[in-house]
Structure formats: C-alpha cells, structure tokens
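Accompanying notes for the structure given below.
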Amino acid sequence: MANDKNQPPSGEPPQDENQIIAERRGKLARLRESGPAFPNDFRRKDLAAELQRAYGGKTKEELEAVKPSATVAGRMMLKRVMGKASFATLQDMSGQIQIYINNDVTGAETHEAFKHWDLGDILGVEGMVFRTNKGELSIHAAKLRLLAKAVRPLPDKFHGLADMEQRYRQRYVDLIVNPESREVFIKRSKIVQAIREFFVARDYLEVETPMMHSIPGGAAARPFKTHHNALDMELFLRIAPELYLKRLTVGGLEKVFEINRNFRNEGISTRHNPEFTMLEFYEAYQDYRYLMDLTEALLKEIAQKVLGTTTLAYQGVTVDLGRAFDRLTMAEAIAKHNPRYPLAELAKPEYLKIALAPFDIEVFPTDGVGLLQLKLFEATTEDKLVDPTFIIAHPVDVSPLARANDANPAVTDRFELFITGREIANGFSELNDPEDQAARFTAQAQAKEAGDEEAMYYDADYIRALEYGMPPAAGEGIGIDRLVMLFTDSPSIRDVILFPQLKAEEI
RNA sequence: GGGGCGUUAGCUCAGCUGGUAGAGCAGCGGACUUUUAAUCCGUUGGUCGGCGAUUCGAAUUCGCCACGCCCUACCA
C-alpha cells in the first residue's frame with residue numbers, strides 16, 4: 001500500500017464518488033464551457049463581520065437613505081430559493097452575512113444560474129447593504145459570481161461534523177462547518193501572540209535552534225531517528241531545545257525564548273501528540289523564584305488578553321488565575337491535600353514506603369526520600385492541584401539539568417506548575433557547573449547503558465560550552481498545546497492541534 | 001502496550017429479542033419576490049467498516065482484522 005500512496009487516481013472513479021459528487025462534477029463541466037471555472041479576478045473589499053459592525057446599529061430606513069455598497073466573498077453555507085427571490089448565507093474568515101438575490105436587481109439570468117449553485121460553493125457579491133423585513137442585515141446582490149465550485153458536499157448544515165476521526169483528518173471541513181473549532185485555533189494564535197509580546201516587552205530575544213540533533217538532549221524521552229544522505233549521518237528530531245538555548249546564554253544572549261516543535265517517539269493520547277509545541281525561555285542572573293513570579297505574570301496576562309478575565313472554566317471546574325499561586329514542596333502538598341499523611345512523617349523513608357504500599361508502584365531499595373516523596377505525590381496529590389500550585393524542590397535524581405540547592409544538595413532549585421491537576425510549566429535554576437553537569441551526564445549515560453531508553457546521552461559539546469562559563473541563569477518550559485487546552489476548555493490535545501497525528505488512512 | 005466502547009445514505013442519526021434497511025438534512029424535479037435550520041409536493045441514493053463462521057435466512061449472533069474514541073501505562 002505504501003507504494004500506491006499519494007498516486008493520482010488511475011481512471012477508475014474514486015471510492016467515495018456518489019450521486020451528489022457526480023451531479024456537481026457535471027455542473028463544473030458545464031461551467032468550464034463558458035470561460036474560466038475558477039477565476040481569480042474578483043477582489044473583495046469588505047468582510048462580513050466589519051459590515052455587521054458598521055451597519056449593525058442602523059435601521060432599515062437609515063440604510064435605505066444611505067444605500068451603502070459592499071463587495072464580499074465567501075462560502076455559501078445556507079441557501080433559500082423562493083421563486084423570484086432567493087437568500088443565501090455567505091461565510092468568510094470574519095463571520096457570516098446574508099445576501100439577497102432577485103430578478104429585478106440581480107437579473108433573472110444570474111438568479112436562474114444561482115439556483116443551481118450548491119452549498120459549499122464560493123461566491124463573490126457586490127451590492128447594496130440593506131435590512132430585510134425580518135431585520136437581517138443583507139446585501140442585495142447587483143453582481144453575483146461563482147468563484148470556486150465545491151464538488152464535494154458539506155456536512156449537515158445544522159449538525160455540522162460530529163465524527164471525531166473525520167474532524168481530525170479533514171480539519172478543513174471541520175473548520176468550515178464547526179465555528180467552535182475555528183474559535184479554538186483563533187484563540188491558540190492569540191495565546192502564542194500574547195506570549196511573544198510578553199517576552200519581547202521584557203527584552204527577550206526570540207531564537208530558533210536546531211530541530212535536527214546529532215545528540216538528542218534536554219529531556220528524558222525517546223527520540224525519532226532520521227538520516228541525512230549527503231552527510232551520511234544519523235540525526236534525531238529534537239526532544240527539547242534546552243541545551244541549545246543554554247549554549248546561547250554562554251554566548252551572551254542573556255534572555256532568549258523559543259516557541260517551536262518538539263518530537264517525542266512515545267505513546268499518543270488525549271494529552272500527547274508525537275510533535276508538540278514548547279515554549280522555552282532562559283534568563284541570566286535570575287533564579288527559579290524569579291521564574292515563578294514571571295510565570296504567574298505570564299499566565300495572568302495571557303488570560304486577560306485572550307479571555308478578558310483571569311477566571312477560566314476547564315471541563316466543569318473553575319480556576320482562578322488571578323490569585324497568588326500556591327508554592328509548596330512535594331511533602332507540603334501531600335500533607336495539605338491528604339491530611340492522613342502528617343508532614344513530619346513524610347521526611348522518613350520508612351514511613352513513605354509504608355504509605356506507598358497500598359499503591360501499585362514500584363519502590364526500589366535505592367530510592368531516597370525525594371524519590372519516595374515524588375512517587376507518593378504522583379499517586380495521591382497531583383490530580384488534586386486544581387488551582388495553580390507551584391511544586392518546588394524536586395529530588396536531584398529526577399532533575400539532571402537543574403541546579404542543586406545550596407542548603408540541601410539532595411534537592412534542586414526547581415518547580416513545576418500544576419493547574420487542573422496537570423503539569424503546565426517546569427522551570428529551574430540552571431546547572432552551570434561544567435563538572436557537576438559532566439558527572440550527571442555520566443550517570444545518565446550509565447543508566448542508558450543499563451537499558452533506560454529515556455536516559456540522556458553524554459553531550460560533550462554542551463559540557464565544552466559550559467566550560468567557557470555560563471552565567472547563572474534560570475530557565476523554563478511550557479507546553480503550548482496543553483496551555484491552549486486549558487484556555488479553550490478542550491478535553492483532548494487533538495482538539496488544539498490543527499492536524500493531529502493519526503494512523504495512515506487509505507483515501 | 002493493556003482494557004472498554006464504537007463504525008448503517010454525502011452529513012446527523014433510528015433500526016428491540018435474526019426475516020432481507022428507514023428518517024431529517026443535502027441532491028434532483030415542481031410551487032413560492034423579505035427568507036433565515038425557510039416552507040410545501042414529488043423523487044433518486046446503501047455490497048449496514050472488511051473477511052470468515054453459525055443459520056433456510058445476518059445490519060442484528062460469534063471469531064479475526066482495520067480505523068476511531070475513552071480509560072490506563074510512559075511522558076510535556
């Protein structure tokens with residue numbers, strides 16, 4: 001099958017041909033007989049939403065006195081033919097507007113042609129803006145043209161497209177007929193724009209670092225492998241930009257951010273797509289506490305710009321981003337949300353092992369207090385962190401790139417931000433000691449030798465960069481897709497990615 | 001990877017315990033000069049996801065496969 005993929009059809013009619021498509025192909029063939037069937041000489045001057053805004057407040061009489069003209073183009077979503085007069089609803093990028101066609105103004109010949117045009121066709125209209133007896137703002141078409149024929153029918157005009165598979169595979173159809181889907185992607189764009197504005201306003205430099213790495217690093221994940229022919233070289237799609245962005249702080253780009261794709265060769269779920277978008281940012285001469293303040297400010301600003309409020313609803317729960325975010329260690333969070341575990345006991349490995357016993361979690365004799373706390377945290381507390389909560393001081397074992405705490409080297413100066421029980425951000429004071437970093441890489445490389453597929457590689461060039469002196473810095477990553485899920489109340493990551501990864505389909 | 005559920009006309013969906021497939025919308029034909037999910041009359045359209053089994057007979061029961069959704073595991 002792989003070989004006939006993406007080959008042009010071979011004379012045989014496509015599998016999904018049907019009566020409706022055949023009918024429309026016939027109409028298209030007749031169109032071709034009378035000139036270009038897909039003309040590109042129509043210039044629209046007005047957008048539906050702008051007309052609604054400009055004339056929405058005018059009465060029927062006021063409009064008749066002024067007779068404003070308008071030129072719009074769009075897809076025909078609804079059509080009502082009533083003999084000698086017809087109505088249609090056009091949809092453009094901004095919204096919808098009704099057009100009115102009759103024999104007197106539009107002309108009988110054009111009207112007759114219009115009657116055979118189909119829902120989904122793209123039309124261009126020029127005419128007077130007026131208000132109908134029922135009060136609908138409309139354009140009385142003086143000129144009306146078919147600009148692009150739709151050979152395939154649109155889904156049900158009232159129910160839209162419900163089949164999730166078809167919505168994901170044929171997003172173009174979903175976007176035409178499901179306004180709420182369009183809204184999600186408009187919001188996504190606004191969120192990304194708000195993020196850019198936030199960092200640019202703080203003198204950050206937006207950069208683009210390689211997506212193809214010879215040594216994948218910066219995260220614990222299995223990479224995609226690829227091959228460069230001319231260089232005859234194995235390459236990996238990046239799992240994170242982190243190590244390159246920190247090289248830039250060595251280079252003197254002291255405030256950098258990147259919004260771009262990461263690729264991880266792992267399972268697919270409602271929260272995981274193989275390629276996903278990450279924001280990562282690094283600032284020299286700052287620490288993780290500063291980052292927590294910055295993160296709060298960022299989320300509040302996005303919420304204000306995109307939603308107009310700091311209160312949001314996600315899948316039935318309300319979250320207030322306006323309040324100060326909680327900052328708790330794992331032990332504190334466990335004790336706070338599970339009163340059955342006293343805080344003082346959570347510092348004792350023996351107690352933690354007993355507490356973990358009822359859960360189906362692997363505990364190793366070598367697990368220290370930090371790891372045991374992490375396991376108990378994930379089992380009992382993570383999903384209870386509905387309101388924004390920073391969890392701080394992660395064990396050093398699970399944070400190979402974070403700076404160890406000066407007072408307690410077993411933990412790192414790190415935080416993760418949880419909202420609605422999900423991790424939204426991960427940041428820390430960066431490890432800039434080349435010898436400490438080399439030792440941690442060595443430990444990771446040994447773990448990889450021992451079979452841990454997600455352990456990191458030893459990155460000698462990264463160590464070399466640190467040896468030139470990296471300024472003390474703090475850095476953070478935020479998964480954009482999950483952030484968009486939160487802000488758009490989307491239950492699945494596929495709802496916020498235009499073309500999510502699915503298994504190959506035979507068309 | 002493991003478990004559950006789903007797949008019927010272009011779209012949205014009915015179809016009980018097996019008796020040979022329906023509606024609405026869309027399409028086609030007709031009526032209608034201010035409709036708006038227009039309305040009214042008539043009408044076309046389906047190898048019921050695929051393959052196999054049971055049966056006189058399968059959309060319906062059973063098995064396998066494909067694709068999707070949800071949960072779960074790893075992670076962001």
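Chain naming here is simple, since letters A, B, ... match the order of the sequence lines and numbering starts at 1 in each.
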For the side chain of [X], counting heavy atoms from C-beta on, which of [options] is nearest?
X: Ile20(A); options: rC67(B), rC70(B), rA26(B); result: rA26(B)
X: Leu78(A); options: rC28(B), rU12(B), rA37(B); result: rA37(B)
X: Gln98(A); options: rA37(B), rU35(B), rC74(B); result: rU35(B)
X: Lys27(A); options: rC28(B), rC13(B), rU36(B); result: rC28(B)

Just by distance, no angles: are the side chains of [X] and [Y] close enough, under 3.5 Å, to form a donor-acceptor pair?
X: Glu50(A); Y: Ser94(A); result: no
X: Arg80(A); Y: Gln98(A); result: yes
X: Glu280(A); Y: Tyr282(A); result: yes

Checklist entry - Which part of the nucleic acid, if any, lies within reach of Thr89(A) when heavy atoms closer than 4.0 Å are counted: base, sugar-phosphate only, or nothing? => result nothing
Checklist entry - Does OP1 or OP2 of rC71(B) have a side-chain N or O of Thr270(A) closer than 4.0 Å? => result yes
Next on the checklist: With a 4.0 Å cutoff (strictly under), does any side-chain N or O of Lys157(A) reach OP1 or OP2 of rA38(B)?
Outcome noted: yes
Next on the checklist: Just the rounded figure in Å: distance from C1' of rA14(B) to NE2 of His159(A).
Outcome noted: 13 Å
Item to check | For atom CD of Gln166(A) and atom P of rU7(B), their distance in whole Å | outcome: 15 Å
Checklist outcome for this item: Shortest non-hydrogen pair, Lys375(A) vs Val363(A), comes out as NZ-CA, 4.1 Å
